[in-house]
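Count residues from 1 along the sequence. As the structure is a computational prediction, the values presented were derived from the model and not from experiment.
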Amino acid sequence: MIDKYASLSSNWNYPTKVRFGAGRLSELADACRAAGISRPLIVTDPGLKPMQMIVDAIHTLEHGGLPSALFADVHPNPVGADVDAGLKVFRAGKHDGVVLIGGGSAMDAGKAIAFMSGQTRPMWDYEDREDWWTRADPKGIAPIVAIPTTAGTGSEVGRAAVIVDERDHTKKIIFHPKMQPVEVIADPELTVGLPAHITAATGMDALSHNLEAYCSPSGIPWATASHSKACAS
């Protein structure tokens, strides 16, 4: 199936720059340089850590002259402690950007790590309430390159992270416009081998997001057009 559609490769902005196409993981070093990253921290989850795609990502960065480190201690629903642990690795390695590889958990944890890398207040002070995001120093937010491995969350083009606050066991949204990744590599080869039930679940997740955007009273023409095209096909 991948071979049949291997010629489907394109770039677009939404507004994040998206590099779509089979095999485009090989462009990771170029994407990092375009984002201003010279020493990336790769954030993924424990399930993906031993997989070939992670090995390939590290090799691609090394071949491109960009030394990297790997952080994979992320819960399925990331907690504040995950972000704290990732920050220690980020700062100890003197990293200047984050590469996210995975589904929603890795995306959320990695975006929060990039966001908090240069902040001085507790993460919960930036919860998505009123104008709390203005408390953050935008210069202290590290650039992000995102590589999704599922179709479900859309977090690779989002501006927020959902993190569990262990104090009251509630999920909280940490938001800032600069949390949006600078570049996305959407390589369909990375979804090959995903368990069938996860493929189905993330596909339904993507459909529900599509319907949500279409039905929202604050929807935009792009969402309407995408829904209409999906229905027609």
Side-chain angles (χ1 to χ4, degrees), residues 16-17 19 24-51 53-75 78-123 125-126 133 136-149 155-163 174-185 187 190:
T16 296
K17 181 178 180 181
R19 304 177 186 224
R24 298 196 70 175
L25 178 63
S26 63
E27 299 177 22
L28 178 55
D30 290 337
C32 284
R33 279 190 286 267
I37 301 172
S38 61
R39 194 175 181 84
L41 173 66
I42 299 173
V43 177
T44 189
D45 61 61
L48 291 180
K49 181 180 179 180
M51 295 187 70
M53 68 177 74
I54 303 300
V55 175
D56 292 342
I58 294 172
H59 175 75
T60 297
L61 290 170
E62 290 179 350
H63 184 72
L66 304 181
S68 66
L70 180 66
F71 175 74
D73 296 330
V74 177
H75 287 82
V79 299
D82 297 341
V83 179
D84 292 339
L87 279 171
K88 289 181 180 178
V89 176
F90 184 94
R91 291 166 177 162
K94 297 182 179 179
H95 298 285
D96 60 359
V98 178
V99 172
L100 317 177
I101 305 178
S105 299
M107 295 283 168
D108 284 341
K111 284 196 289 186
I113 291 167
F115 171 72
M116 288 298 297
S117 62
Q119 307 307 321
T120 57
R121 301 176 64 151
M123 179 170 60
D125 283 0
Y126 307 109
W133 66 273
D137 177 4
K139 295 180 180 179
I141 303 174
I144 300 168
V145 172
I147 306 173
T149 58
S155 184
E156 68 274 9
V157 293
R159 301 176 295 171
V162 180
I163 307 294
I174 309 302
F175 165 83
H176 194 282
K178 286 197 68 176
M179 289 176 73
Q180 191 166 41
V182 179
E183 297 238 352
V184 169
I185 296 177
D187 186 339
L190 304 184

* Would Asp73 and Asp82 count as a side chain to side chain contact (heavy atoms under 4.5 Å, CB included) if you check the C-alpha gap in whole Å, the side-chain angles of each, and the deciding distance to 0.1 Å? -> CA-CA 7 Å; Asp73 296 330; Asp82 297 341; 5.7 Å; no
Could you pull out the closest heavy-atom pair between [X] and [Y], with the gap in Å?
{"X": "Glu183", "Y": "Ala34", "result": "OE2-CB, 3.2 Å"}
{"X": "Gly97", "Y": "Ala142", "result": "CA-CB, 4.1 Å"}
{"X": "Gly158", "Y": "Pro181", "result": "O-CD, 3.5 Å"}
{"X": "Leu25", "Y": "Met53", "result": "CD2-O, 3.8 Å"}
{"X": "Ala29", "Y": "Gly64", "result": "CB-CA, 4.0 Å"}
{"X": "Ser117", "Y": "Ala114", "result": "OG-O, 2.8 Å"}

Value rounded to 0.5 Å, distance of [atom1] in [X] from [atom2] in [Y]:
{"X": "Gln180", "Y": "Phe175", "atom1": "CD", "atom2": "CZ", "value": "9.0 Å"}
{"X": "Ile113", "Y": "Ile144", "atom1": "CD1", "atom2": "CD1", "value": "9.5 Å"}
{"X": "Ile163", "Y": "Met123", "atom1": "CD1", "atom2": "CE", "value": "5.5 Å"}
{"X": "Ile42", "Y": "Ser68", "atom1": "CD1", "atom2": "OG", "value": "4.0 Å"}
{"X": "Leu41", "Y": "Lys94", "atom1": "CG", "atom2": "NZ", "value": "15.5 Å"}
{"X": "Leu70", "Y": "Ile54", "atom1": "CG", "atom2": "CD1", "value": "6.5 Å"}

Close side-chain approach of [X] to [Y], heavy-atom, < 4.5 Å:
{"X": "Val162", "Y": "Ile174", "answer": "no"}
{"X": "Asp84", "Y": "Lys88", "answer": "no"}
{"X": "Ile101", "Y": "Thr149", "answer": "yes"}
{"X": "Val184", "Y": "Pro148", "answer": "yes"}
{"X": "Lys111", "Y": "Ser155", "answer": "yes"}
{"X": "Cys32", "Y": "Val99", "answer": "yes"}
{"X": "Leu61", "Y": "Pro40", "answer": "yes"}
{"X": "Leu100", "Y": "Ile147", "answer": "no"}

* With no hydrogens and no angle check, is any side-chain donor or acceptor of Asp187 less than 3.5 Å from a backbone partner on Arg24? -> yes
* Go through Thr16 and Glu156 one step at a time and tell me if the side chain to side chain contact (heavy atoms under 4.5 Å, CB included) criterion holds. => CA-CA 9 Å; Thr16 296; Glu156 68 274 9; over 6 Å; no
* Taking everything shown except Lys178 itself, do over 12 heavy atoms lie less than 6.0 Å from its NZ? -> yes
* Go through Leu66 and Glu62 one step at a time and tell me if the side chain to side chain contact (heavy atoms under 4.5 Å, CB included) criterion holds. => CA-CA 5 Å; Leu66 304 181; Glu62 290 179 350; over 6 Å; no
* For Asp125, enumerate each residue passing the salt bridge (charged side-chain N to carboxylate O under 4.0 Å, His left out) test, keeping only those at least two apart in sequence or located in another chain. =>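 Asp125 satisfies salt bridge (charged side-chain N to carboxylate O under 4.0 Å, His left out) with Arg121 once adjacent residues are dropped.
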* To do: Specify whether Phe115 and His176 have parallel, tilted or perpendicular ring planes, treating 30° as the upper limit for parallel and 60° as the lower limit for perpendicular.
  =>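 Tilted.
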* **Residues which pass side-chain contact (heavy atoms from CB on, under 4.5 Å) with Asp30, listed by chain and number, not counting sequence neighbours** => Arg19, Arg33
* Asked: What residues, two or more places apart in sequence or in another chain, satisfy side-chain contact (heavy atoms from CB on, under 4.5 Å) together with Asp96?
  -> Ile37, Ser38, Arg39
* Assess whether side chain to side chain contact (heavy atoms under 4.5 Å, CB included) is satisfied between Val145 and Leu28, documenting all intermediate values. => CA-CA 8 Å; Val145 172; Leu28 178 55; 4.0 Å; yes
